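Notes follow once the structure below has been shown.
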2 protein chains.
Amino acid sequence: MTETKKSKRQDILDAAIVLFAERGYNGTTVPMIADAAKVGAGTIYRYFDHKESLVNVLFQEKLNALFEQLLKDYPTESSIREQFHHIFESIHHFAMEDTHALHFIDSHCNEIFLTKESQELFDSFIEYISNVVRVGQERGEIIVLQTEALIGVVYGAIVQILKMVRAGTIDGSSPLMDNLEDCCWNAIKAN
Amino acid sequence: MTETKKSKRQDILDAAIVLFAERGYNGTTVPMIADAAKVGAGTIYRYFDHKESLVNVLFQEKLNALFEQLLKDYPTESSIREQFHHIFESIHHFAMEDTHALHFIDSHCNEIFLTKESQELFDSFIEYISNVVRVGQERGEIIVLQTEALIGVVYGAIVQILKMVRAGTIDGSSPLMDNLEDCCWNAIKAN
DNA sequence: TGATTAGGAATGAATATTCATTCCGATATA
DNA sequence: TATATCGGAATGAATATTCATTCCTAATCA
């Protein structure tokens, strides 16, 4: 059945992301993934050439999903503040839907086993947000400081918040998260 | 000579932190460390019981150094804004003096091979900063939101900024860093 | 002083273990 | 039945750890 085929592949990916997020790529063995996916070790190699291709496929799939979430209903014509709201909400929504994905992406985005393609995809994601910041600076809505540095502040803050939500340290629901969005915006808004 | 003894141990630690910061604990082999330290593989086991004790010693030593930097000349009596300045500056200074340490700490602080002691040391560091935030909230200098969440925003932002300084994406010198400190403060200051 | 020796430090080849990958018999599908 | 898929034991490479040996230093002796 082609359904089994699809589902096995997905089982492998689903099991792998949990392990990669929790133990890191190098701390995760192929048999561990096989066990968690309830699949023979050999089956993994029916769907992926190497462990490295598995992690790269996973990285790109998750990043594409995040990107998709970001682009969905993107308010191109709105104020930068509203665009910022959309970005924050998209990432938040993504992290809530897929508990491990954001942490997986963030903790693997600089690893040496990522292919050029994976790296470029990540760069293009950051670049997309950078452009928003740049426009915000031109329009006087965002302070004029090196764009990369502002991205760092906001990206670092958002990712850390969502890691803490994942860890159960803080609650990821509305009132608090709305306030935290304001905090992040306050960090970069023009005076 | 006892100096050799001390120096070998230090050579090993110095080599290890660079590799751990760049490749992660599991991506770093003991022979890699030995080569980088210009030491025989066996020598590492004269100074450390296992690879795991090596990483724990390193983690605790670096965290203690960071803590020491934080406590040095801590302005207990000053306003929370000034205390915040001291904290930001301490971490910044620490990251500039020891290029790999902060990244090493941050990228390993949740790993499963850390001993209870290592984890508790990290927790006590976060707890120290939490207390400052709490006092700031009581005094009306910092917005009243779940303390952990605010720590997340500020910690995430600072660490990400300093990772980017390390990567060469942004410049870690005064004018920009002072502005970024303001950004971080603006995220949590009371309106 | 110069030679001898003991004791600890250092080494890296050898060992034991772990891991990614392969292979083949068993199972399911058409 | 023929074909595709699967599982998991088998394989060999990579890795952490050990250990027999060498090297160095400093104390002792002639």
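Below, all heavy atoms of this structure are taken into account, side chains as well, without hydrogens, waters or symmetry copies. Below, read A as the first sequence line, B as the second, and so on, with proteins coming before strands; counting in each chain starts at 1. Worth saying up front: this structure is predicted, and the values here are computed from it rather than measured.
Among residues at least two apart or in separate chains, there is no side chain to side chain donor-acceptor pair (under 3.5 Å) pair with a member in residues 21-45 of chain A. For residues 86-95 of chain A, there are no salt bridge (Lys or Arg N to Asp or Glu O under 4.0 Å) pairs, not counting sequence neighbours.
The CD1 atom of Ile33(A) sits 16 Å away from the P atom of dG8(D) (whole-angstrom rounding). Separating the OH atom of Tyr47(A) from the P atom of dT5(D) is a distance of 7 Å, rounded to the nearest angstrom. The interatomic distance linking Gln10(B) (CD) with dA9(C) (P) rounds to 18 Å, in whole Å. Residue Asp11(B) contributes atom CG, which lies 10 Å from atom P of dA10(C) at whole-angstrom precision. Lys38(A) places its NZ atom 13 Å from the P atom of dG8(D), with the value rounded to the nearest Å. Residue Arg9(A) contributes atom CZ, which lies 14 Å from atom P of dT5(D) at whole-angstrom precision. Atom P of nucleotide dA14(D) and atom CG of Asn26(B) are separated by 18 Å, given to the nearest angstrom.
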Pair up each side-chain donor or acceptor in residues 69-76 of chain A with any protein partner under 3.5 Å, not counting sequence neighbours, and list the distances.
residue: Gln69(A); atom: OE1; partner: His93(A); partner atom: ND1; Å: 3.3
residue: Gln69(A); atom: NE2; partner: His93(A); partner atom: ND1; Å: 3.1
residue: Tyr74(A); atom: OH; partner: Gln83(A); partner atom: OE1; Å: 2.7
residue: Thr76(A); atom: OG1; partner: Tyr74(A); partner atom: O; Å: 3.4

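Phosphate contact (OP1/OP2 of dT11(C), side-chain N/O of Lys8(B), threshold under 4.0 Å): present.
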Close N or O pairs between protein and nucleotides 17-20 of chain D (under 3.5 Å):
residue: dT17(D); atom: OP2; partner: Tyr45(B); partner atom: OH; Å: 2.7
residue: dT17(D); atom: OP2; partner: Lys51(B); partner atom: N; Å: 3.1
residue: dT17(D); atom: O5'; partner: Tyr45(B); partner atom: OH; Å: 3.4

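Using a 4.0 Å cut-off between charged nitrogen and carboxylate oxygen, Lys62(A) and Glu68(A) do not count as a salt-bridge pair.
For Lys51(A), the side-chain hydrogen bond (donor to acceptor under 3.5 Å, both in side chains) test picks out no residue, with sequence neighbours left out. Legend: residues meeting salt bridge (Lys or Arg N to Asp or Glu O under 4.0 Å) with Glu181(A), ordered by chain and number and at least two apart, are Arg81(A).
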